[in-house]
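Notes to accompany the following structure.
Numbering of ligands and ligand atoms starts at 1, following listing order. These figures come from a predicted structure and were not determined experimentally.
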Amino acid sequence: MDRRKFIRNTMLGMIAVSSPISISAMDSATRALTGSKSLKLSFKPYELKLRHSFNLAKYSRTTTPDVLVQIEWDGIVGYGEASMPPYLGESIESVCKFLSNLDLAQFTDPFRLEEILQYVDSTAPNNRAAKASVDIAMHDLIGKIIGQPWYKIWGLSPEKAPNTSFTIGIDKADVVRKKVEEAAPYKVLKVKMGLDNDKELVEIIRSMTDRPLCVDANQGWSSKEKALEMCEWLADKNCLFVEQPMPKEMLDETAWLRERSPLPLIADEFLQRLPDVKRAYGAYDGINIKLMKSTGLHEAYQMVSIARALDMKLMVGCMTETSCAVSAAAQLAPLMNFADLDGNLLIANDCFDGMKIVDGKVTLTDLPGIGVKPL
Ligand code: MG
């Protein structure tokens, strides 16, 4: 089967498995793949099923709502994705509404990425995951047209990608032990904290392994004194950094903590888009960039440049996502001090093949674009 037929069949297959099947959807897909030179956007909801219930300081869940996106141009298809953990305020309904309102057919040149993404950003405020889904699909499309993955387009050396951490969530002692056993292939563990049994969780992990720990408090420590006590305690436990120790609103307290903490502080919930990098400077040592916050790769790459100029540490993270968005984020990995790209490993129904973790390390392929194939 030639490449064009393969792409056509794959896309029709995706529409066929989404329900309900509509003749008009099939017709529009067929029209879209007949070589039109304007951008064609299509999307469908997809519920991610989590391998373990996901327990954070503020809530827990077993699924994550998601929307899969395709942008087609001249018979070539780029894939994208919006993942919507509920605390970020987006939903399948809001993402589908946002995407339905876009008119990408007005664009005939996919290389005018800045112009296209500025239009997408201007159509409504917020909607960061929805905007990221378009950005990711555009990067996949452009990379496929050029025939190269984005890390190569950016001139990056793939061997510089760091190890990824593997997340051990807040849970009962026996479940934590099981998760640590599952995490055996990973060289760095990440611990979610912010509840009363924080120290107990670390003690269980330390009784099983001395691998380095990244700690994510998820805003769970409500006073600067408590946060400092925890940072000092963790400094003796082979801990690399503490992510979002206090609520994002407590910027002055975080700056106070940074002056005293023996461990670097990384901004996560505090930091969404480009202007937030400057705001984080002085209170945090580094930033955790996630595509669902940054509206995608285009702005994420700009955030990297600003953070480097400010001599801040860089981390790339993800939500629970398929290998589509995780592989897109992985294209940035060679620029990073730390990577937390395990979101695809936490779901049971991944529908893409992409970036792999080999011997604990983020490992990029030569596949063009964001480096994925639909399964
Ligand atoms: Mg975090």
Residues that Y281 engages under ring-ring contact (aromatic ring centres under 6.0 Å, His included), provided they are two or more places apart: none
Verify, without hydrogens or angle tests, whether N288 (side chain) and G317 (backbone) share a donor-acceptor contact under 3.5 angstrom. yes
Restricting to side chain to side chain donor-acceptor pair (under 3.5 Å), what partner residues turn up for Q118, sequence neighbours left out? E114
Close side-chain approach of R273 and K131, heavy atoms under 4.5 Å: yes
Counting only protein N, O or S atoms and ignoring waters, those under 2.8 Å from the Mg ion (ligand 1) are D216 OD2, E243 OE2, D268 OD2
Residues in ring-ring contact (aromatic ring centres under 6.0 Å, His included) with Y119, at least two apart? F107
Do F338 and N163 come close enough that some side-chain heavy atom pair is under 4.5 Å? no
